[in-house]
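Each chain gets a letter, A, B and so on, in the order the sequences are listed, and its residues count up from 1. Note that the structure is predicted; figures quoted are calculated from it, not measured.
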Amino acid sequence: MARHLITSAIPYINGVKHLGNLVGSQLPADLYARYLRARGHEVLFLCATDEHGTPAELAAAKAGKPVAEYCAEMWQVQADLAEGFRLSFDHFGRSSSEQNRKLTQHFAGVLADRGLIREVSETQMYSPTDGRYLPDRYIEGTCPNCGFDSARGDQCDNCTKQLDPVDLINPHSTVSGATDLEMRETKHLYLRQSEMKDELEAWIDSKTDWPVLTTSIAKKWLTDGDGLQDRGITRDLDWGVPVRRGDADWPGMEGKVFYVWFDAPIEYIACAQEWVDAGKGDDWARWWRTDEGASDVRYTQFMGKDNVPFHTLSFPATILGSGEPWKLVDYIKSFNYLNYDGGQFSTSRGRGVFMDQALEILPADYWRWWLLSHAPESSDAEFTWENFQTSVNKDLADVLGNFASRVTKFCRSKFGEAVPEGGTRGALEEQLLSDLSAKIAEYQAHMEAIEIRKAATALRAAWVLGNEYLQEAAPWATFKEDPEKAAMQIRLALNLIRLYAVISAPFIPDASAQLRAALKSEDAGWPDDLPEALEALPAGHAFTVPEVTFRKITDAEREDWQSRFAGTRS
RNA sequence: GGGCCUGUAGCUCAAUCGGUUAGAGCAGGGCGCUCAUAACGCCUUGGUUGGGGGUUCGAGUCCCUCCGGGCCUACCA
């Protein structure tokens, strides 16, 4: 049994996340965590909210609330939704935690001591009306290149030319519309990533089994132009981790905070401390310090492709640069994007299905199954209501749900609500066991390799084997001339339902639990020994016919949702 | 502009190191079954692997080129 540390990219605080966000990190991470736990491994699965930065301040202002209060509320919203989707975090933390504040300041201090931080004086747009410095993209004006009148300070959306805010004609704040912008001189800390380029590159090069998506993005940043650039790790903001050098003041940095992308990954570690402080665990160091027991931990991170540079370069630079024995990531699983019906999901425009809306219309398992079985692993994937309806109806209702239904109902009508007794297995049953064993082995191999779509395909194929067996065995026919044989067939089929419930739990935990409850089976142990697992429900064991496990999505519903979610979210 | 990814059946996706006749699911067609959520099973139609050129005994896979889609390009996070 191994020890697995699993983290999902931490979702930003400003609002409910959409299904694309969910399938890009939290959901696949949960699948993996549930699977490894089911296989008996020791797992620590962490996630948190990413709370700092300009967008959080502006969202709070818009909501008319102090930013700390806004974040606390939104954390609760996201925590509830995570629970709704059955995301099995051991702890769902907050990057604004006390633990993260201290740890972030600690890392900055250590990095400074080791000469990996330098001060840079630069100019930045300041808006007296807004009373704040504005990131480049919060300034808009007319593009000096093409004349587009809504060009952003970092890039023109019309001609794609990269810009500097001072280049814009008639620049104004997108927050207030203020035009009295001025350049102010300000001092910031830069992490000297360039010093660590060779070390990082050697490390990335050693990860030959990582997804191409992960390594190609990392290599690009390492080798593009002049190579890996130093990165600013402080900002002129109120909301964030105050800049301190460990426990000490940092002269000249008063009133500044660390950049979110510096403190957010550190929250992975702080979250383990929060987990302990919340009384859920007793030793975070054995997961994170290689000198305190973490050397045998396998650490896997899940994220969307936009997060890859920070996880392959910035955060490792922080860890390696500290010279302290922190656990480095072993495997980075990254995802492409999920699109919505011909376009992108968009938080700002409210396009697509959001986590709260999804749970309002259907149980979590429907979404979990579709999203995971269509995870955007090799390229961007697309959500359409037609595909969702047919996939879910066919896979969950027809293949799995109906199997449980036909077996239990047949048993009830012919033998009553207890596992029937008698008969002995023959060649057909031997063949089923052999096929099933091979299919489960395939499923396990894909799960271990985190090949999610392939794992879903193998799992579904295992469900199909049950229907094939039933058709071949035809207990409704054998019952007429050899009731004992039919009893044996149905006993096996009832055990198949339990088996399916167990192996499907990482994908569809609620349905799995519901099926086991109907079968009155406490045992959720993984079927390491398949013949034994298919004897788990012995003759005479009482059960009940489960409620319809998965009802079908009707055409009327699909059409309703299709139009309801076509527009924008209010 | 530069870089990376991607294009395979009507749809969603496979295809190990370049190796036999490019495979699944869904949708379509036919047959069977009657236990079941109009469910299940079997058979089956369907592909010049985006176009063109090249390397090779052999190319979906490697090279060149053109076309389409997507992402990144470092101050959104």
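For Gln124(A) against C75(B), a side-chain N or O and a base N or O form a donor-acceptor pair under 3.5 Å.
When atom types are taken as modelled, the side chain of Gln78(A) and the backbone of Gly15(A) share a donor-acceptor pair closer than 3.5 angstrom. Distance alone, capped at 3.5 Å, places no donor-acceptor pair between the Tyr500(A) side chain and the Leu515(A) backbone.
Ring geometry for Trp370(A) versus Phe388(A): interplanar angle over 60°, hence perpendicular rather than tilted (30 to 60°). Between Phe415(A) and Phe410(A), the ring planes lie perpendicular to each other; the angle is over 60°, past the 30° to 60° tilted range. By the 30° and 60° cut-offs, the orientation of the rings of Tyr268(A) relative to His311(A) is tilted.
Both Arg137(A) and Thr549(A) sit near RNA chain B, but only Thr549(A) has its closest nucleotide nearer the 5' end.
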Got a list of side-chain donor-acceptor pairs under 3.5 Å for residues 397-405 of chain A, not counting sequence neighbours?
| from | atom 1 | to | atom 2 | distance (Å) |
| --- | --- | --- | --- | --- |
| Asp398(A) | OD1 | Lys552(A) | NZ | 2.7 |
| Asp398(A) | OD2 | Lys552(A) | NZ | 3.4 |

Ignoring hydrogens and angles, write down the donor-acceptor pairs under 3.5 Å from the side chains of residues 484-496 of chain A, residues two or more places apart or on other chains.
| from | atom 1 | to | atom 2 | distance (Å) |
| --- | --- | --- | --- | --- |
| Gln489(A) | OE1 | Thr478(A) | OG1 | 2.8 |
| Gln489(A) | NE2 | Ala473(A) | O | 3.3 |
| Arg491(A) | NH1 | Pro420(A) | O | 3.0 |
| Arg491(A) | NH1 | Gly422(A) | O | 2.9 |
| Arg491(A) | NH2 | Gly422(A) | O | 3.2 |
| Asn495(A) | OD1 | Ala536(A) | N | 3.2 |
| Asn495(A) | OD1 | Leu537(A) | N | 2.8 |
| Asn495(A) | ND2 | Arg491(A) | O | 2.9 |
| Asn495(A) | ND2 | Leu534(A) | O | 3.4 |
| Asn495(A) | ND2 | Leu537(A) | O | 3.1 |

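Atom C1' of nucleotide C40(B) and atom OH of Tyr500(A) are separated by 13 Å, given to the nearest angstrom. For the pair Ile217(A) CD1 and U6(B) C1', the interatomic distance rounds to 14 Å; values are reported in whole Å. Taking atom OH of Tyr469(A) as the reference point, atom C1' of C33(B) lies 16 Å away to the nearest angstrom.
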Filtered N/O pairs between nucleotides 22-29 of chain B and protein, under 3.5 Å:
| from | atom 1 | to | atom 2 | distance (Å) |
| --- | --- | --- | --- | --- |
| G25(B) | O3' | Arg460(A) | NH2 | 3.4 |

Give me the distances for all protein-to-nucleotides 34-36 of chain B N/O pairs that come in under 3.5 Å?
| from | atom 1 | to | atom 2 | distance (Å) |
| --- | --- | --- | --- | --- |
| C35(B) | O2' | Arg406(A) | O | 3.0 |
| C35(B) | O2 | Arg406(A) | NE | 2.9 |
| C35(B) | N3 | Arg406(A) | NE | 3.4 |
| C35(B) | N3 | Arg406(A) | NH2 | 2.5 |
| C35(B) | N4 | Arg406(A) | NH2 | 3.2 |
| A36(B) | O3' | Ser405(A) | OG | 3.4 |
| A36(B) | O2' | Asn402(A) | OD1 | 2.2 |
| A36(B) | N1 | Arg406(A) | NH2 | 3.3 |
| A36(B) | N3 | Asn402(A) | ND2 | 3.3 |
| A36(B) | N3 | Arg406(A) | NE | 3.0 |

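Picking from C75(B), G3(B), A77(B) the nucleotide with the shortest atom distance to the side chain of Lys220(A) gives G3(B).
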Checklist outcome for this item: Per-nt protein contacts along nucleotides 7-17 of chain B (heavy atom under 4.0 Å; B base, S backbone sugar-phosphate only, - none) come out as -----SSSS--
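Using a 4.0 Å heavy-atom criterion, one finds that Gln229(A) contacts the bases of the nucleic acid, with or without backbone contacts as well. In this structure, Phe479(A) reaches neither bases nor backbone, as no heavy-atom distance under 4.0 Å exists between it and the strands shown.
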Checklist outcome for this item: For RNA chain B, the dot-bracket notation using Watson-Crick and G-U wobble pairs below 3.5 Å, [ ] for pseudoknot-type crossings and | for other-strand pairs, is (((((((..((((.....[...)))).(((((.......))))).....(((((..]....))))))))))))....
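In this model, the phosphate group of A77(B) is approached by a side-chain N or O of Tyr259(A) to a distance below 4.0 Å at OP1 or OP2. Taking only side-chain nitrogens and oxygens, Lys219(A) never comes nearer than 4.0 Å to OP1 or OP2 of G3(B). Phosphate contact (OP1/OP2 of A74(B), side-chain N/O of Tyr190(A), threshold under 4.0 Å): absent.
If you take OH on Tyr12(A) and CE on Met74(A), they are separated by 11.5 Å, rounding to the nearest 0.5 Å. Rounding to the nearest 0.5 Å places CG of Leu134(A) at 6.5 Å from CG of Leu181(A).
For the residue pair Gln26(A)/Ser8(A), the side-chain donor-acceptor check at 3.5 Å is not satisfied.
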